[in-house]
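Data block below; observations after.
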There are 2 protein chains.
Amino acid sequence: MSQAVRHDAMRARNLALVLGEVGARGAVTRAALAEITGLTKTTVSKLVGDLIEGGLVVETGAVRDGERGRPGVEIRISGRSVAALGLEVNVDYLSVCVVDLARTVRLRRTQAVDNRAAPPVDSIARLGNLAANVVDEAVEKGLRVVGGVLAVPGPVDRTTGDVRNAPNLGWRDVPLASLLRHFPFPVRVENEANLAALGELWFGSGLPDFLHVSGEIGIGAGLVVRGRLFRGAHGFAGELGHVVVAPDGPQCRCGGRGCLEQYAGQDALLAAAGGVRGQLGVGQVAQRLREGDEKARDACERAAWALGVALSSAINLVDPGAIVLGGIYAPLFRWIGDVVGDTLRARLGQMRGTVPPVIVSRLGAEAAALGAAGQVIEQVMADPAALLHT
Amino acid sequence: MSQAVRHDAMRARNLALVLGEVGARGAVTRAALAEITGLTKTTVSKLVGDLIEGGLVVETGAVRDGERGRPGVEIRISGRSVAALGLEVNVDYLSVCVVDLARTVRLRRTQAVDNRAAPPVDSIARLGNLAANVVDEAVEKGLRVVGGVLAVPGPVDRTTGDVRNAPNLGWRDVPLASLLRHFPFPVRVENEANLAALGELWFGSGLPDFLHVSGEIGIGAGLVVRGRLFRGAHGFAGELGHVVVAPDGPQCRCGGRGCLEQYAGQDALLAAAGGVRGQLGVGQVAQRLREGDEKARDACERAAWALGVALSSAINLVDPGAIVLGGIYAPLFRWIGDVVGDTLRARLGQMRGTVPPVIVSRLGAEAAALGAAGQVIEQVMADPAALLHT
DNA sequence: CGAATTAGTCTATGTTGTGGACTAAATATT
DNA sequence: AATATTTAGTCCACAACATAGACTAATTCG
């Protein structure tokens, strides 16, 4: 519910407005900020003063742009004080990163571990260590880590922050509170597919509207509309893997039949490409494709067709601005992108003038960890006043 | 983009906050409002004073609740001053209504016309007349009509307000500006499925989260999340009719195959129920069903199964809080509701703890016109200051 | 009937943004 | 080279709005 607006809330909003404009434009003078925001020069000066004092922005010297008149002083987001921690547990690796307020990745560590084999407690402890080291390093660099978000591959209970069920990890009711309380700043938990989409938003293509598809063992999707994540009524939106491709298709572990996952999930794709389960990785499939392996090519085509079918349903329902393929689809994009696009055009082209473009994510496995850190940064950008007064 | 907050914006927001609280609770005293909103009694008194002066709320006498202390004076939304016009063009009828700020329907007129047969200009003129009469009557009742929204069955260009293509009506590039400028208040155009969903939100079940399915010739859906309509990147979200049921199913007019519309659209349903096209209405099908007609029953079952399949994809993607069936599915609900529910449970039950309930819309053909008027009311509630200062 | 209690108003005060005057620092003009 | 013009940023008096607490009003309890 929206809250009452008092003087402090007014100030908080205007601070966020100015900070957001600085972030969006990279470097702006106070005078330009006044014109953009509609606030007076006086007010902008005061707001910028507070932001500088809080270390959120810095003056970067006068601009000599050849225009006449006194040159303005450019203001930029400061990357030297506030930072955020991103954490990720996934099936076969752990990853942490520290991102500063200017959205520069300052530190990152990835550790290959089979988290299905290890008990959850061990994985959590290992991640905790990794993160503690990275945070120490960040502090040495003069950064102030103000928050963290942990990405887990499965639905997260939005109220408690616990993981109810992460089938890919084999986790069930894992209480993450112990890990999260380990730090001197708040740490939240969030679904990995959602965070990968946000990673793409803040560190990838820069598009404000898209559906990001994370192909892994399951297939998740994160919908970003006008720069904001769509979560649905309970926070479970984006289960693209169980969208129907063929209602009488192969049995799926979800209880349904013919779900996308059975055609384009990692296991289905690898099996169709001719690997014994667990013996073949996506990297090797890409290698075989480069060598012209027909079985691998057919497997990709089938997966891409199914992905196109499921995405055509998704586009009809949620009308995304673009489709971004990530996860295992990124390395395979050369062999699936066109088939997906063709399938979409065949099913949607007549109805809509334009079909959303299908593009590949340039972010690798770190997408979710980046999105996690980015979410903290976003929170600071949305309410800088919260940081200034404490 | 969020705007700068000045004193007037602060006031505007607090006015909206107070008005919204009055609307949500039906009747509240100033003292209760102060406690609810966190504003001081002084401020609430001033805000309420302005709202009373503007005719948006009224005092309805002291409450004698048996508690000790001075009794408070209850404030309610006033239905006696501000009102909104809802208009709807559909395939076989025109409909207009006037709704007051208390969301009471004050006037409504429906006219059966075959708008496919008539040229668009005639339909528009007829609707204009109908609306002008109703507005006159409203004015006689002392109401001040502050805005209107027109519902059309097809995608609307959000920027110009023109209808690009309404296949069910046979309309193409119909410029509605002439009709819309006819009134001394602004009139916008909006998609009928979206407005039907909003009608359900404000005049129906009262749920804040649901997917409303408008079964007509096409099948549209409107997604409401936390009391707000989800539109997607271009405003074309909710095309449930072209969600894939079977990728190699019957050819659809959209260019795809096996779209939901081919199984559960009005034409498909009536054809399967044994009618020659145009000879049988939904009402008669319901009659036959009551009489135990097997062909009609099988047709409904097949449509319901397909609807369940498509909805399971939709639920996986957008995670709605409930499914509300409207349009032609409302009179047929007795014969399709269970099959839809069973299909959903079979496909989703294992994955999610609970499957969204499938309920029937209690609103009839007026859903969209009500939603249209409701949208104007909502706008007033969201920014009452805009009305007060002019 | 007076004490206690709650509703609502009134007045002085504080916080924030505004608008215009003012100072500062550059380029253009003479 | 000196002066005018232009733009950036600061300063100060003022206005808008919310706050806090005193005050008045209207009720129930004892």
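The shown structure was predicted, so the numbers you read here are calculated from the model rather than taken from an experiment. We name chains A, B, ... by the order of the sequence lines, and we start the count at 1 in each one.
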Rounded to whole angstroms, how far apart are CG on B:L388 and P on D:dC17?
12 Å
Determine whether any donor atom in the side chain of A:T42 lies under 3.5 Å from an acceptor atom in the base of D:dG9, or the reverse, and answer yes or no.
no
Quick one: A:M10 CE to D:dA18 P, roughly how many Å, whole number?
9 Å
Taking N or O atoms only and anything under 3.5 Å, show me the protein contacts with nucleotides 28-30 of chain C, one pair per line.
unit_1: C:dA28; atom_1: O4'; unit_2: A:R68; atom_2: NH1; d: 2.4

Under 4.0 Å between a side-chain N or O of B:N14 and OP1 or OP2 of D:dA18?
yes
Under the rule for side-chain hydrogen bond (donor to acceptor under 3.5 Å, both in side chains), what residues qualify as partners of B:T43, not counting sequence neighbours?
B:T40
In residues 45-58 of chain A, which residues come under 4.0 Å of DNA chain D by heavy atom?
A:S45
When you look at NE2 of A:H234, are more than 12 heavy atoms from neighbouring residues, nucleotides or ligands closer to it than 6.0 Å?
yes
Quick one: side-chain hydrogen bond (donor to acceptor under 3.5 Å, both in side chains) partners of A:R76, sequence neighbours excluded?
A:T60
Options C:dC10, D:dA18, C:dT18, nucleotide nearest the side-chain atoms of B:T43
D:dA18
List the atom pairs, with distances to 0.1 Å, where a side-chain N or O of residues 8-19 of chain A and a protein N or O form a donor-acceptor pair under 3.5 Å, not counting sequence neighbours.
unit_1: A:R11; atom_1: NH1; unit_2: A:D50; atom_2: OD2; d: 2.5
unit_1: A:N14; atom_1: OD1; unit_2: B:V5; atom_2: N; d: 2.8
unit_1: A:N14; atom_1: ND2; unit_2: B:V5; atom_2: O; d: 2.9

Got a list of protein N/O to nucleotides 23-25 of chain D N/O distances below 3.5 Å?
unit_1: D:dA25; atom_1: O4'; unit_2: B:R70; atom_2: NH1; d: 3.4
unit_1: D:dA25; atom_1: N3; unit_2: B:R70; atom_2: NH1; d: 3.4

What residues, two or more places apart in sequence or in another chain, satisfy side-chain hydrogen bond (donor to acceptor under 3.5 Å, both in side chains) together with B:T104?
none
Anything under 30° is parallel, anything over 60° is perpendicular, the rest tilted; go ahead and classify B:H7 against A:H7.
perpendicular
A:L201: partners by side chain to side chain contact (heavy atoms under 4.5 Å, CB included), with sequence neighbours left out:
A:L198, A:F210, A:V224
How do B:E74 and B:G69 order along DNA chain C: which one's closest nucleotide is nearer the 5' end?
B:G69
Among all residues two or more places apart in sequence or in another chain, which pass the side chain to side chain contact (heavy atoms under 4.5 Å, CB included) test with A:R25?
A:E21, A:V28, A:I36
What residues form a side chain to side chain contact (heavy atoms under 4.5 Å, CB included) with A:E378, not counting sequence neighbours?
A:R103, A:W202
Short side-chain N/O contact to C:dG17 OP1/OP2 from A:R11, under 4.0 Å
yes
Report yes if a side-chain nitrogen or oxygen of A:R6 is closer than 4.0 Å to either non-bridging phosphate oxygen (OP1 or OP2) of D:dC17; otherwise report no.
no
Nearest-nucleotide comparison on DNA chain C, the residue closer to the 5′ end among A:L39 and A:A62
A:L39
I'd like to check the side chain to side chain contact (heavy atoms under 4.5 Å, CB included) partners of A:S45; sequence neighbours left out, ordered by chain and number.
A:R30
Distance-only donor-acceptor test (3.5 Å): side chain A:H7, base C:dT16:
no
Listed partners of A:D100 passing side-chain hydrogen bond (donor to acceptor under 3.5 Å, both in side chains), at least two apart:
A:R106
Determine the contact category for B:V44: base if any of its heavy atoms lies under 4.0 Å from a base atom, sugar-phosphate if only primed atoms, P, OP1 or OP2 are that close, otherwise nothing.
nothing
